[in-house]
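This report refers to the structure that appears directly beneath it.
Bear in mind that the values here come from a model prediction, so they are computed numbers and not experimental data. Both backbone and side-chain heavy atoms feed into the values below; hydrogens, waters and symmetry mates do not.
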2 protein chains.
Amino acid sequence: MFSIGQLSKQTGVKVPTIRYYEQVGLLVSAGRTEGNQRRYDKEGLERLGFIRHARDLGFSIEAITALIDLQQHPDRSCQEATEIAQHQLTDVREKLLRLKALETELVRIADGCDGEGSSEECYVLASLADHEHCRGEH
Amino acid sequence: MFSIGQLSKQTGVKVPTIRYYEQVGLLVSAGRTEGNQRRYDKEGLERLGFIRHARDLGFSIEAITALIDLQQHPDRSCQEATEIAQHQLTDVREKLLRLKALETELVRIADGCDGEGSSEECYVLASLADHEHCRGEH
DNA sequence: TCTTGAAGCTCTAGTGACTAGAGGTTGTAG
DNA sequence: CTACAACCTCTAGTCACTAGAGCTTCAAGA
């Protein structure tokens, strides 16, 4: 049995975050001591590892809840899990496209100015003031 | 003079968001009508355009406040503005790297499973459960 | 001039995924 | 047995909005 602190050390998830996961129904402790402190078993440790990994990959708490639900019903099709993962992938790809466009624009803005002179004629400020300067959309 | 709704239509920023910007000190209306409704002039319209553009590029409210502050003191160096933009660029590039890694990982996970069979042997779930499967770090 | 209704107003609370702090209790090593 | 690190609960704060309640004002048509 592990205390919440031990679980935290082993997974790298902060203690208040573990309590938060309990609050939202993601991870329940195996039980409590007489003094009301949480105790976890190996299953809890594994589940927290799963949650951590999924969060690192950007899955929402909601999506993770759905995935855990699937884990607990092995009779259900794997298709749902794949759909959730595909959805996440689409999401990441959209963000990637957007960020790439932003990068291009920011390079143009940030590098267009040598940092000298007064802010009155600053290229950064002028670029932000006037969208017309932009090459792509965002 | 424009009403808040006209400002909203011209810039594409929602009415409650404009009020929010006032609340955090980003955009003050030129004045109020006798009936307490906000009225904006051309300067307000331009400033909201500036804010909108900067937000689209991912600048935080805090950074935008600093940039506007610079605009209003044309005697101050342009360097600060450039620094803020460079910082934002660094930030975007970090996010890009991270997202690219995630994409790779998600492709591996989401495409490794044909969606058939039960969730018991689902590759998505197995991959999320075991970080060891991962190629890169995240 | 009156009426209607869209648009405006303020205020509070909710979102997601935590994080911080107050103020009190428990577990454990020496 | 004592000290103190680690635990507990609860509330409130973060960011950048968004939603809703309940009210008032503005402007166009009759």
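Atom CG in A:Leu26 sits roughly 13 Å away from atom C1' in C:dC18 (whole-Å rounding). B:Leu27 has its CG atom 15 Å from the C1' atom of D:dA16, to the nearest Å. The nearest whole Å value for the distance from the CZ atom in A:Phe2 to the C1' atom in C:dG27 is 18 Å. Summarising the geometry, the separation between CD on B:Glu62 and P on D:dC15 is reported as 7 Å, rounded to the nearest angstrom.
For the residue pair B:Tyr21 and B:Arg52, no side-chain donor N or O sits within less than 3.5 Å of a side-chain acceptor on the partner. Judged purely by distance below 3.5 Å, without hydrogens or angles, the side chains of A:Gln6 and A:Gln10 never pair a donor atom with an acceptor atom. Of the N and O atoms on the side chains of A:Tyr40 and A:Arg47, not one donor lies less than 3.5 Å from an acceptor on the other residue.
Between the side chain of A:Gln88 and the main chain of A:Leu57, a donor-acceptor pair closer than 3.5 Å is present.
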Strictly under 3.5 Å: I want the nitrogen or oxygen pairs between protein and nucleotides 17-19 of chain D, one per line.
{"residue": "D:dC17", "atom": "OP2", "partner": "B:Tyr21", "partner atom": "OH", "Å": "2.9"}
{"residue": "D:dC17", "atom": "OP2", "partner": "B:Arg55", "partner atom": "NE", "Å": "2.7"}
{"residue": "D:dT18", "atom": "OP2", "partner": "B:Thr17", "partner atom": "OG1", "Å": "3.0"}

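Contact check on B:Lys42 versus B:Glu46 returns a salt bridge, with a Lys/Arg side-chain nitrogen under 4.0 Å from an Asp/Glu carboxylate oxygen. Using a cutoff of 4.0 Å between basic side-chain nitrogens and carboxylate oxygens, B:Lys100 and B:Glu103 are not scored as salt-bridged.
Contact annotation: A:Thr33 does not reach the phosphate of C:dT26 (side-chain N/O to OP1 or OP2, under 4.0 Å).
The environment of CD in A:Glu22 is crowded: more than 12 heavy-atom neighbours from other residues, nucleotides or ligands sit within 6.0 Å.
Listed by first then second residue, pairs satisfying salt bridge (Lys or Arg N to Asp or Glu O under 4.0 Å) with a partner in residues 4-19 of chain B number zero, not counting sequence neighbours.
Each of A:Glu34 and A:Ser60 was matched to the nucleotide of DNA chain C holding its nearest heavy atom; the match closer to the 5' end belongs to A:Ser60.
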Original post:
How would nucleotides 5-15 of chain C be written as a contact map, 5' to 3', with B for base contact, S for sugar-phosphate-only contact and - for no contact, using protein heavy atoms under 4.0 Å?
Top reply: ---SSB-----

